[in-house]
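Below is one structure, written out as structure tokens, with a few remarks after it.
As a basis for the values below, the full set of heavy atoms in this structure was taken, side chains included, without hydrogen atoms, waters or symmetry mates. Within every chain, numbering begins at 1; the chains are lettered A, B, ... in the order of the sequence lines, protein sequences first and strands thereafter.
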Number of protein chains: 2
Amino acid sequence: MKNIEPKLVELLKQGYCTPQISQIAKKLKEPGTTIHYNIKKLERDKVIRSYKAVFDYKKIDAGHCTYVFVNVSSEDYGSPEKIAHELANDPRIESIDICTGDYELLLKIRTKDIDEYYSLMKEIIAKFKFSKASSIISLNQVKSEFVRAA
Amino acid sequence: MKNIEPKLVELLKQGYCTPQISQIAKKLKEPGTTIHYNIKKLERDKVIRSYKAVFDYKKIDAGHCTYVFVNVSSEDYGSPEKIAHELANDPRIESIDICTGDYELLLKIRTKDIDEYYSLMKEIIAKFKFSKASSIISLNQVKSEFVRAA
DNA sequence: TCATATTATTGTATAATATTCAGATATTTA
DNA sequence: TAAATATCTGAATATTATACAATAATATGA
């Protein structure tokens, strides 16, 4: 058998979706062409960045969710953006923020389990020479990406 | 003129999108019917929870992003889930986690500006009798919902 | 092991949906 | 207030998803 599922998940996690114009038209009781026009405008103006799927992350081996506060190395302290952009390549990192407070970066990380989390952290701490990383583990994800849990 | 934009944003923020089967088929070089079958399976098994849009939140009056750690009231300490589910109704709250550490809840909040943030916080602190709330403001959102910033 | 049931793949036909286009209407600009 | 620009919308068309049926692969269990 072809194992298409992981490829689908990877594509749908970031994009490869599209708005349901006729469903929206029905819901808002407006002509489909009007909805179409307005959505294209939002796309043209880059108000909409992407259309994507939201998963039950436990079911795609990404059920272990952790927030990580990071102090970057003293050399990188002045421009954490560079590291942030490199971290953005990792598909296990859901979000990256430059933030106020005692740390420069706040990461949201999804891994299969705490073991995978541990190895990812060791990897990125070594690679980017973080001076400190402090973790908060999510025990229950009630809402994610504006979508409520089942 | 009809001002459809805010209604579109509200709908697309949580759903009203669908996968682009033929595009995925082209990308993965598989028959469209095979992709269709596999995606329907993911939906049937509730692996996929929703299809939605990701926005440039600055452009939809939601550019002020804050992470808020919450201590709930002593009465609610044993079951923060109840409050979490009520908070989930607010469209300005992107995510809600029950978490480890010094706080019970971690919220991700998107408002137009710090004024709207302030009034929202006053509202929910009063409503749910939080005993403490500690905020970290996002200065730069490099990646959100698995999608990189422009 | 081998028969049987279940699940997965895929081409063809059809249904549903998005998109184009052109004309009308509203709004902005100068 | 006239001209330019942006928005709305119905009708025609193009694209895409879906239903179906045949086939193939895998799992089940005596």
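- Around atom NZ of A:K59, more than 12 heavy atoms belonging to other residues, nucleotides or ligands sit under 6.0 Å away.
- Applying the ring-ring contact (aromatic ring centres under 6.0 Å, His included) test to every pair with at least one member in residues 24-61 of chain B, sequence neighbours left out, gives these pairs: A:F146-B:Y57.
- End-to-end axis angle for the helix from C:dT1-D:dA30 to C:dA30-D:dT1, using five pairs per end and rounding to 10°, comes out at 50°.
- Residues of residues 35-51 of chain A having a heavy atom closer than 4.0 Å to DNA chain D, listed by number: A:Y37, A:N38, A:K41.
- Counting heavy atoms from C-beta outward, B:N89 and A:R148 have side chains that approach closer than 4.5 Å.
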Review item, side-chain donor-acceptor pairs of residues 111-126 of chain B, under 3.5 Å, at least two apart:
from	atom 1	to	atom 2	distance (Å)
B:T111	OG1	B:D113	O	3.1
B:D113	OD1	B:D115	N	3.1
B:D113	OD1	B:E116	N	2.9
B:E116	OE1	B:K112	N	2.7
B:Y117	OH	B:S135	OG	2.2
B:S119	OG	B:E116	O	3.1

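- Residues B:L87 and A:V147 are members of separate hydrophobic clusters, defined by side-chain heavy-atom contacts under 4.5 angstrom among Ile, Leu, Val, Met, Phe, Trp and Tyr.
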Just the table, please: protein N/O against nucleotides 25-30 of chain C N/O, every pair under 3.5 Å.
from	atom 1	to	atom 2	distance (Å)
C:dT27	OP1	B:M1	N	2.6

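- Of the residues in residues 12-26 of chain B, not one places a heavy atom less than 4.0 Å from an atom of DNA chain C.
- Atom-to-atom distance recorded for A:I137:CD1 and A:I109:CD1 is 11.5 Å, nearest 0.5 angstrom.
- In this view, A:K13 and A:E10 satisfy the salt bridge (Lys or Arg N to Asp or Glu O under 4.0 Å) rule, not counting sequence neighbours.
- Side-chain contact between A:D76 and A:K82 is absent, with no heavy-atom pair separated by less than 4.5 Å.
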Checklist line | Intermediate values then yes/no, salt bridge (charged side-chain N to carboxylate O under 4.0 Å, His left out), B:E145 and B:K52 | finding: CA-CA 11 Å; B:E145 299 166 87; B:K52 58 154 286 179; 2.5 Å; yes
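- Cluster annotation: B:V54 is not connected to A:Y16 through the hydrophobic network of ILVMFWY side chains, with a link wherever side-chain heavy atoms come within less than 4.5 Å.
- Here chain A contacts DNA chain D (any atom closer than 4.0 Å to a heavy atom, that is under 4.0 Å), and the contacts span D:dA6 to D:dT26 from 5' to 3'.
- Regarding contacts with the backbone of C:dT10, a side-chain N or O of B:T34 is found under 4.0 angstrom from either OP1 or OP2.
- Within the 4.5 Å cutoff, no side-chain heavy atoms of B:Q141 are placed close to those of A:S95.
- For B:K40, the side-chain hydrogen bond (donor to acceptor under 3.5 Å, both in side chains) criterion is met by B:E43, not counting sequence neighbours.
- Take A:K41 and apply the side-chain hydrogen bond (donor to acceptor under 3.5 Å, both in side chains) test, not counting sequence neighbours, and it matches A:D45.
- Residues that satisfy the side-chain hydrogen bond (donor to acceptor under 3.5 Å, both in side chains) test with B:S144, not counting sequence neighbours, are B:R110.
- B:L106 belongs to a hydrophobic cluster whose remaining members, ordered by chain and number, are A:Y67, A:F69, A:Y103, A:L106, A:I136, B:Y67, B:F69, B:Y103, B:I136; membership requires side-chain heavy atoms of ILVMFWY residues under 4.5 Å apart, directly or through intermediates.
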